[in-house]
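Down below is the structure, laid out as structure tokens.
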Amino acid sequence: MCFENAARPMMSYDEVMRLALERGFYVPSCEIYADAPAGFWDYGPVGTAFKNKFVELWRREVLRRDEMVEIDGSQIMAKDVFVASGHLENFFDPIVTCTKCKTTIRADRLISEKTGKNIPERLSDHDYDSLLKENNVRCPKCGGELGQVSKFNMMFKVGVGAANLDTYLRPETCQSIFVDFPRFFKIMRGKLPFPMAQLGKSFRNEIAPRQSLMRLREFYQAEIEIFFNPDKVNDVEEFEEVRNYPLRLMRGEDTVEAVPCEKAVEQGLVPSRFVAYYLSLIQQFYEKAGIDLNRFRFRRLAEDEKAFYAKVAFDVEVQTSLGWIELVACNDRSDYDLKRHSEVSKSDMTVLDGDVKVLPNVFELSMGVDRSLYCILEHSLVKEEKRDVLKLKPQLAPVQVGVFPLVTKEGLPDKANQIYSTLKKEFQTTYDVSGSIGRRYRRLDEIGTPLGITVDFDTLKDDTVTLRERDSMQQSRIKVSEVLQKVRSYYYQEAQLV
RNA sequence: GCGGUCGUCGUCCAGCCUGGUCCAGGACGUCAGCCCUCCAAGCUGAGAACACGGGUUCAAAUCCCGUCGACCGCACCA
């Protein structure tokens with residue numbers, strides 16, 4: 001299958017940003033202050049509702065579906081956690097700055113380019129300095145003299161208590177899951193495979209955050225860590241459900257092939273049934289979340305692209321006006337994490353699988369929430385001839401239904417208000433009297449509200465109202481007494497209403 | 001972090017070069033009122049901005065410097 005889709009004209013980043021700022025999806029954090037650093041954004045009222053809906057969908061369609069347990073860990077974590085995880089050692093980049101043109105470059109890459117040798121990433125600053133000198137490496141850009149090698153740590157350090165104890169803001173939420181695993185596995189009477197999930201904030205001190213939600217210094221991750229027995233990766237009950245489900249796998253430079261799970265495993269495109277199952281799960285989730293699958297792919301990472309702990313890695317990537325964006329890292333972390341935590345903390349992390357003692361391996365689905373939200377917005381925003389409409393899945397709509405009096409005469413507002421009062425107890429509802437009815441429908445369209453209910457003069461005669469649907473703009477008349485039931489069935493059964 | 005471009009109402013844009021006519025103008029949106037029978041109609045009115053800090057000058061949105069931010073490119077993105 002080739003990538004030619006374009007079922008909809010691609011919306012641009014600028015248009016999504018305009019929507020975000022005008023309608024209150026997200027805005028720069030601390031924007032009234034000039035010293036606000038980049039890479040921090042606040043979700044507004046509409047954006048928060050949207051994010052909450054997205055997370056709820058994840059809980060329902062992924063966690064509850066597979067009986068995963070969810071935890072909520074602390075964001076500040078002990079230093080030794082990151083000694084064990086490898087972040088203190090590996091989360092540095094050795095960088096060197098040219099004294100002449102001020103370009104900053106990675107020292108290890110410079111040396112290996114010059115010498116053709118593989119240079120370890122984890123030498124001391126001093127070793128890098130000598131290597132640079134020995135090989136007479138100069139700035140590749142201007143030929144100028146290079147300065148001293150320094151290291152840039154991507155983790156935020158936090159001083160805790162009066163003693164200013166060194167701790168760190170977690171750079172990935174999964175560390176909470178790893179350190180909590182032994183206790184919760186026991187408490188929950190867990191059996192392998194045992195999936196633990198978490199939604200929370202992570203922090204990375206990016207050098208150059210850009211493009212609003214795409215690269216943040218403080219961001220939400222929704223992570224699932226599945227603890228499993230590596231000897232049983234093809235012994236997966238649930239595989240039956242997805243045997244014929246087509247995974248969208250990237251083949252070659254820019255083609256994507258939809259390969260049924262079974263075939264993908266047979267051909268070695270995906271290493272095991274276990275992995276194939278979870279890749280299906282995440283693809284199905286994004287489809288339900290409103291990502292256009294024609295612009296969705298799994299990309300298997302090459303050896304030199306993978307994170308230091310990953311044995312096998314697939315990225316979920318989604319095509320946007322900014323290019324292909326990585327939304328989920330699906331990594332086989334092997335026993336790296338539990339082994340390291342068990343070594344550094346000296347606690348036993350093995351568990352029983354049947355009557356065999358095993359140190360579980362971990363497969364993770366590490367989702368970037370903020371980026372996902374951006375991509376859904378971009379894929380959902382549609383410019384029609386007469387209007388901009390955000391065609392969000394009903395389940396993700398920040399506001400579910402709008403109620404309007406057609407005009408402000410003859411008690412129509414009172415009648416509309418009664419309906420509003422009933423609906424708002426159960427649904428996110430908005431009531432709007434301002435402007436022409438068409439204008440009010442447009443306001444709904446722009447934040448993706450699927451349903452509008454309009455009270456008119458006929459309502460006074462026969463107790464019926466107009467029900468208007470966002471995407472088709474079609475209208476139908478329903479009885480006032482049926483409104484609540486209709487809205488319920490729309491959201492709970494996703495029935496066609498009009 | 002480097003280089004280039006840039007930063008004016010909620011949004012988009014004019015004004016800047018050639019300082020004073022700008023307590024900043026327009027459009028769209030918002031709010032109030034009028035109008036009132038289904039997709040951004042019309043009329044009247046209102047509120048709303050020179051990113052921040054310093055400098056030059058009799059006078060700064062306008063010129064200069066710095067900081068922060070945005071966009072593009074490089075680098076970075078375990």
Side-chain angles (χ1 to χ4, degrees), chain A residues 13-15 17-24 27-40 44 82 85-93 95-98 100-106 109-110 121-122 139-142 150 152-155 171-172 204-212 214-217 219 301 305-310 313 322 325-326 329 331 333 366 368 371 384 386-389 404-410 412 433-446 452-460 465-470 472-475 477:
Chain A
Y13 173 78
D14 289 344
E15 280 159 310
M17 278 307 296
R18 181 201 57 77
L19 177 71
L21 290 172
E22 267 187 10
R23 295 298 171 196
V27 298
S29 181
C30 314
E31 63 176 331
I32 61 170
Y33 287 101
D35 64 348
F40 299 93
F82 304 110
S85 73
H87 284 91
L88 271 175
E89 198 183 341
N90 292 305
F91 218 45
F92 285 99
D93 284 326
I95 53 173
V96 63
T97 302
C98 171
K100 206 168 147 196
C101 72
K102 306 291 180 204
T103 304
T104 303
I105 318 153
R106 279 183 60 157
R109 293 207 182 162
L110 268 182
E121 272 183 48
R122 307 302 153 202
C139 174
K141 230 178 184 175
C142 71
S150 62
F152 180 76
N153 189 349
M154 304 276 290
M155 283 200 293
E172 49 180 16
R204 294 178 195 180
N205 202 359
E206 297 284 352
I207 297 172
R210 267 194 200 171
Q211 292 163 332
S212 64
M214 309 312 289
R215 244 174 107 199
L216 296 163
R217 287 183 165 132
F219 56 100
L301 300 192
E305 291 180 290
K306 292 185 305 191
F308 60 87
Y309 46 69
L322 299 171
I325 303 294
E326 177 196 338
N331 294 311
R333 302 177 68 125
S366 171
R371 289 176 169 196
E384 294 183 350
K386 286 189 158 178
R387 61 171 188 163
D388 288 356
V389 52
F404 318 114
L406 183 61
V407 294
T408 53
K409 290 203 301 196
E410 294 185 34
L412 295 190
V433 288
S434 168
S436 70
I437 191 67
R439 182 187 295 275
R440 284 174 276 165
Y441 287 149
R442 292 293 176 273
R443 290 191 191 117
L444 286 193
D445 290 341
E446 220 179 333
I453 288 164
T454 304
V455 168
D456 58 23
F457 291 114
D458 288 345
T459 310
L460 302 176
V465 291
T466 301
L467 180 64
R468 182 256 191 190
E469 200 268 333
R470 178 193 69 199
S472 64
M473 293 196 280
Q474 279 178 2
Q475 304 185 340
R477 282 207 83 80

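Every value quoted in this text rests on a predicted model; they were computed, and no experiment measured them. Lettering of chains follows the sequences in order, A, B, ..., and the numbering in each one begins at 1.
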Inset, instruction - Give a yes-or-no answer on whether the side chains of A:Arg440 and A:Ser434 include a donor-acceptor pair shorter than 3.5 Å. - result: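 No donor-acceptor contact under 3.5 Å links the two side chains.
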Legend entry - Donor-acceptor side-chain pairing of A:Tyr309 and A:Ser85 below 3.5 angstrom: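 Per modelled atom types, A:Tyr309 and A:Ser85 side chains form no pair under 3.5 Å.
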Inset, instruction - Report the distance from atom CE of A:Met154 to atom CG of A:Asn205, rounding to the nearest 0.5 Å. - result: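 Answer rounded to 0.5 Å: 7.5 Å.
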Using a 4.0 Å heavy-atom cut-off across all strands, classify [X] as base, sugar-phosphate, or nothing.
| X | result |
| --- | --- |
| A:Ala36 | sugar-phosphate |
| A:Arg18 | sugar-phosphate |
| A:Pro37 | sugar-phosphate |

Inset, instruction - Provide, to the nearest angstrom, the distance between the CE atom belonging to A:Met154 and the C1' atom belonging to B:C77. - result: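 Rounded to whole Å, this separation is 6 Å.
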Inset, instruction - Would you mind reading off the distance between A:Asn331 atom CG and B:A78 atom P, rounded to a whole angstrom? - result: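 In whole Å, B:A78 P and A:Asn331 CG are 10 Å from each other.
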Inset, instruction - Spell out yes or no: do the side chain of A:Arg204 and the base of B:C76 have one donor N/O and one acceptor N/O closer than 3.5 Å? - result: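 Answer no: no donor N or O sits under 3.5 Å from an acceptor.
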Legend entry - 5'-most by nearest nucleotide on RNA chain B - A:Tyr33 or A:Tyr13: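 Nearer the 5' end of the strand: A:Tyr33.
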Legend entry - Under 4.0 Å protein heavy-atom contact, by nucleotide of nucleotides 27-43 of chain B - B base, S sugar-phosphate only: --SSS----BBBBBS--
Inset, instruction - Stems involving RNA chain B: give each as a range paired with a range, ordered by first number, where a stem means at least three consecutive Watson-Crick or G-U wobble pairs under 3.5 Å. - result: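 Output for stems: B:1-7 with B:68-74, B:10-13 with B:25-28, B:30-34 with B:42-46, B:51-55 with B:63-67.
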